[in-house]
Participant: 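The structure that follows is given in the form of structure tokens.
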Amino acid sequence: QCEQEINDGLLPAPHIVEPLEVKDPPPVGGPHHPCWARWVEHTQEIEAGHWVHNLEHGGIVFLYRCPEGCDDERARLRGLLALPRTLLTPYADLPTRFAALSWGHRLLSDCLDLEAFEGFHERHLDRGPESLDSAPSSGCHEERREGSLAPDESATAAPAGSILDAGPTDASVATAP
């Protein structure tokens with residue numbers, strides 16, 4: 001069997017500013033940063049504390065770890081960005097090659113099964129404790145200018161006007177309302 005779904009149940013969700021401590025990667029809830037990542041593809045790894053906030057908002061995060069490269073699989077994963085509230089990012093601590101995450105749930109797989117990932121998205125979208133579809137606010141943009149958040153210039157923007165369009169491409173994270 002190439003997939004495993006784990007339900008970690010309800011988790012506390014405090015905002016923290018220090019680096020996230022992850023005992024069983026990838027995290028699917030718990031403490032996280034007040035700024036969340038944009039709903040796009042990120043070709044450079046996003047710190048987990050940011051995308052855990054995306055999970056809190058009811059989104060789905062798709063991760064990959066391919067030390068030997070996986071351009072074909074990444075191209076296929078990009079197709080999932082057409083689904084509402086999704087983001088794609090590499091994650092070096094992933095115990096498998098691919099994962100789909102939502103608040104309290106994760107699907108881990110060493111093979112890319114797009115049908116299973118689409119089904120995961122359908123079952124778990126909009127089920128976070130603060131489930132809302134919000135565009136980035138300017139708070140994290142200010143933090144980035146002051147140097148506390150590194151810009152992610154590798155983010156690939158979604159088509160303008162789509163549900164994934166989170167604003168300018170230099171805004172890879174957003175702050176909680």
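Just so we're clear, the structure is a prediction, and the values are computed from it rather than from any experiment.
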Participant: Any heavy-atom pair between the side chains of Leu88 and Arg74 that's under 4.5 Å?
Facilitator: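 They are not in side-chain contact.
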Participant: Check whether any side-chain heavy atom of Pro34 sits under 4.5 Å from a side-chain heavy atom of Ile16, and report yes or no.
Facilitator: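 Side chain of Pro34 against side chain of Ile16, heavy atoms only: no contact under 4.5 Å found.
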Participant: Below 4.5 Å, heavy atoms only, C-beta onward: do Val52 and Leu20 meet side chain to side chain?
Facilitator: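 In contact.
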Participant: Using the rule given for side chain to side chain contact (heavy atoms under 4.5 Å, CB included), can you reason through Phe98 versus Asp110, listing the C-alpha separation, both sets of side-chain angles and the distance that settles it, and then say yes or no?
Facilitator: CA-CA 6 Å; Phe98 307 101; Asp110 276 321; over 6 Å; no
Participant: Tell me whether Thr89 contacts the main-chain N or O of Leu63 through its side chain, where contact means a donor paired with an acceptor under 3.5 Å.
Facilitator: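 Between the backbone of Leu63 and the side chain of Thr89 there is no qualifying donor-acceptor contact (under 3.5 Å).
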Participant: Using a strict cut-off of less than 4.0 Å between a Lys/Arg side-chain nitrogen and an Asp/Glu carboxylate oxygen, indicate whether Asp24 and Arg106 qualify as a salt bridge.
Facilitator: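 Salt bridge between Asp24 and Arg106, a charged N being under 4.0 Å from a carboxylate O: yes.
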Participant: Would Arg65 and Asp93 pass as an ion pair if we require N to O under 4.0 Å?
Facilitator: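 Looking at Arg65 and Asp93, the cut-off is not met.
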Participant: Kindly indicate whether the side chain of Trp103, heavy atoms from C-beta on, has any atom under 4.5 Å from the side chain of Glu56.
Facilitator: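 They are in side-chain contact.
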Participant: Under 4.5 Å between any side-chain heavy atoms of Arg127 and His105, yes or no?
Facilitator: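 No - every pair of side-chain heavy atoms lies 4.5 Å or more apart.
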Participant: How many angstroms lie between CZ in Phe117 and CG in Leu112, if you round to the nearest 0.5 Å?
Facilitator: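 Answer for the CZ-CG pair, Phe117 versus Leu112, is 6.0 Å.
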Participant: With side chains defined as the heavy atoms from C-beta onward, is the minimum distance between Cys66 and Pro90 less than 4.5 Å?
Facilitator: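 No - every pair of side-chain heavy atoms lies 4.5 Å or more apart.
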Participant: Is the closest side-chain heavy-atom distance between Pro25 and Leu94 below 4.5 Å?
Facilitator: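 Side-chain contact under 4.5 Å: no.
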Participant: Is the centre of the His15 ring less than 6.0 Å from the centre of the His33 ring?
Facilitator: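 Ring-ring flag for His15/His33: false, centres at least 6.0 Å apart.
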Participant: Using the side-chain contact (heavy atoms from CB on, under 4.5 Å) rule, pick out the option among Leu55, Leu101, Val22 that qualifies with Pro27.
Facilitator: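 Passing option: Val22.
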Participant: Which class fits the ring pair His53 and Trp36: parallel under 30°, tilted 30 to 60°, perpendicular over 60°?
Facilitator: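 Answer is tilted, since the angle falls between 30° and 60°.
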Participant: Just by distance, with hydrogens left out, do Arg97 and Tyr64 show a side-chain donor and acceptor under 3.5 Å apart?
Facilitator: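 No, Tyr64 and Arg97 have no side-chain donor paired with an acceptor closer than 3.5 Å.
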Participant: Looking only at atom types and distance, does a side-chain atom of His124 sit under 3.5 Å from a main-chain N or O of Gly119, one as donor and one as acceptor?
Facilitator: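 A pair under 3.5 Å: no.
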Participant: Rounded to the nearest 0.5 Å, how far does SG of Cys35 lie from CD of Glu47?
Facilitator: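 So the gap between those two atoms works out to 11.5 Å.
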Participant: For the backbone of Pro84 and the side chain of Trp39, can you confirm whether one donor and one acceptor N or O come within less than 3.5 Å of each other?
Facilitator: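 Checked: no pair found.
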Participant: Nearest 0.5 Å, what's the CG-CZ distance between Leu87 and Phe62?
Facilitator: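 The CZ atom of Phe62 is 9.5 Å from CG of Leu87, to the nearest 0.5 Å.
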Participant: How close do Leu108 and Ala99 get, heavy atom to heavy atom, and via which atoms?
Facilitator: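 Result for this residue pair: CD2-CB, 3.7 Å.
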Participant: To the nearest 0.5 Å, how far apart are CD1 in Ile46 and CH2 in Trp51?
Facilitator: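 That separation rounds to 10.5 Å.
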Participant: Does Asn54 reach the main-chain N or O of Ala37 with its side chain, forming a donor-acceptor pair under 3.5 Å?
Facilitator: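 Pair found, side chain donor or acceptor close to backbone of Ala37.
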Participant: For a side chain to side chain contact (heavy atoms under 4.5 Å, CB included) check, start with the C-alpha distance between Glu122 and Leu83, then their side-chain angles and the critical distance, and finish with the verdict.
Facilitator: CA-CA 9 Å; Glu122 184 177 318; Leu83 299 170; over 6 Å; no
Participant: With side chain to side chain contact (heavy atoms under 4.5 Å, CB included) as the test, would you mind laying out the steps for Ile60 and Ser102 before giving the verdict?
Facilitator: CA-CA 5 Å; Ile60 306 296; Ser102 68; 3.6 Å; yes
